[in-house]
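Accompanying notes for the structure given below.
Read the numbers this way: they start at 1 and go in the same order the structure lists the ligands and their atoms. Start at 1 with the first residue, then count along the sequence.
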Amino acid sequence: MNTNNSTVYMCFSTDIIHSGHIDIIKNASKLGELTIGVLSDEAIASYKRFPLKPFSERKIIFENIVGVKHVIEQKTLSYADILRELKPTIVVHGDDWRTGFQKPIRDEVVSVLAEYGGRLVEYPYSSDSKFEELEKRSRIQLGTPDMRRGRLRKLIDLKGCVSALEAHSGITGLIAENTTVLQDGKTYQFDAMWISSLCDSTAKGKPDIELVDMTSRFRTIDDIMEVTTKPIIFDGDTGGLTEHFVYTVKSLERMGVSMVIIEDKTGLKKNSLFGTEVEQTQDSIENFCEKIRAGKAAQKTKDFMICARIESLILERGMDDALERAFAFSGAGADAIMIHSRKKDPAEIFEFVEKFRKQNTNTPIVVVPTSFNSVTEEEFKERGVNVVIYANQLTRSGFPAMQNVAKTILTNHRAKEADDMCMSIKEIINLIPEE
Ligand code: SPV
Ligand code: MG
């Protein structure tokens, strides 16, 4: 029991409370009246992984731990706002944040505490292997089909707008899974992965014309799923014949994919970024609605999403056609609408979103800003977009680097000159986490 007037603040992001946490809480409560900040679902999802238990559950658990006086929500990784409001005498944390990506958070805590004369107490971090095992197990759980599938919908509800990065192999999946940036007291990660037909085909040296068959595309999904936990959005091209699409839906759903996007084209599909330079045929509204209905009827869970992609702007059929299709497709049961454009100027995308949102406030809108790439996620969100897909940037950046190295070796008749362009062998070995 504490006998002084000190107040103590700690923040937790964990959803698996173990004896190491209880020990640190016990020690912290001896220093003064203890307030626990429970990190919001959104803040956890953005820096670590999707929480297994929602904020409401985690709050109740902390409220019932001996020594805890108050429990509040901490909405960002940064402690600054909460510390300036509560002005606790002491902040308690494990000493593991002295290095690594949490260091800037710690530095900020130290400087805010200095503003009013508070102090930081750090306890040695218990990196007990049994606790690490718990974290490993929760990651495995998050990667299982049933846990993974529904998470895209949850993230859209939680964040309003989510981002997805293209992945076409295990290693690009790991980049989408693990890349983290800390900026202004917030961490940023991609929320999901996009398995692009363009990049999946390109990686196999094939054109993007629905030539790579579904079995092979499923193999790519499986490679990525094996090493990641984030939700997957699958580029289903046209969806093929309706009679085939129903099987694709069942397979994707069973694998744990969260969303398939199918485009309203028929016949020999070519990549949308060709626009009207090549012959492309848009499907009729009736046929495409039938495909959506059949797909929705085929799925077994509520989680799986079918997104209808509208090609009217790509094929220069006009805004009215795009909107008519969007309302018809959402009416037929599409869980989301993707609107595509190959213009640099985002005006037609913005106009579509504004007009669609006037009549439909709920159906998520998906965009792929390859051409209109000046718009930030924040602006898309403000305008009513819910999913932003970076559809091909890893492919477009990776291959030029490889071509350069190949040319450098050929030019010099040896690899020495190319060495600085390459990761060290040590780095490449460490890139893949050991099980
Ligand atoms: C893909 O990434 O394969 C897409 C998006 O379908 S786009 O290339 O812009 O058509
Ligand atoms: Mg595609």
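- Distances shorter than 2.8 Å separate the Mg ion (ligand 2) from the protein N/O/S atoms S197 OG, D235 OD2.
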- Query: K204 and T220: side chain to side chain contact (heavy atoms under 4.5 Å, CB included), yes or no, with the steps?
  - Reply: CA-CA 10 Å; K204 292 171 169 64; T220 305; 2.9 Å; yes
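- Within the 6.0 Å centre-distance limit, the rings of W97 and Y79 are counted as a close aromatic pair.
- Remark: E379 CD to R383 CZ distance equals 4.5 Å, nearest 0.5 Å.
- Protein residues having a heavy atom under 4.0 Å from any atom of ligand 1 are W194, S196, S197, L198, D235, N271, S272, L273, R309, H340, A391, listed by chain and number.
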- Query: Under the salt bridge (charged side-chain N to carboxylate O under 4.0 Å, His left out) criterion, do R217 and D237 qualify, and how do the steps go?
  - Reply: CA-CA 11 Å; R217 307 262 343 257; D237 287 319; 3.7 Å; yes
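- Proximity of a side-chain donor or acceptor of E263 to a complementary backbone N or O of K265 within less than 3.5 Å is not detected.
- In this structure, SG in C161 is found 8.5 Å from CD in E378, a value given to the nearest 0.5 Å.
- Pairs engaging residues 206-251 under the ring pair (Phe, Tyr, Trp, His ring centres under 6.0 Å) rule: none recorded [sequence neighbours left out].
- By the side chain to side chain contact (heavy atoms under 4.5 Å, CB included) test, T242 is found to be paired with K291, A294, residues two or more places apart in sequence or in another chain being considered.
- Judged by distance alone, the side chain of R357 and the main-chain N or O of G384 form a donor-acceptor pair under 3.5 Å.
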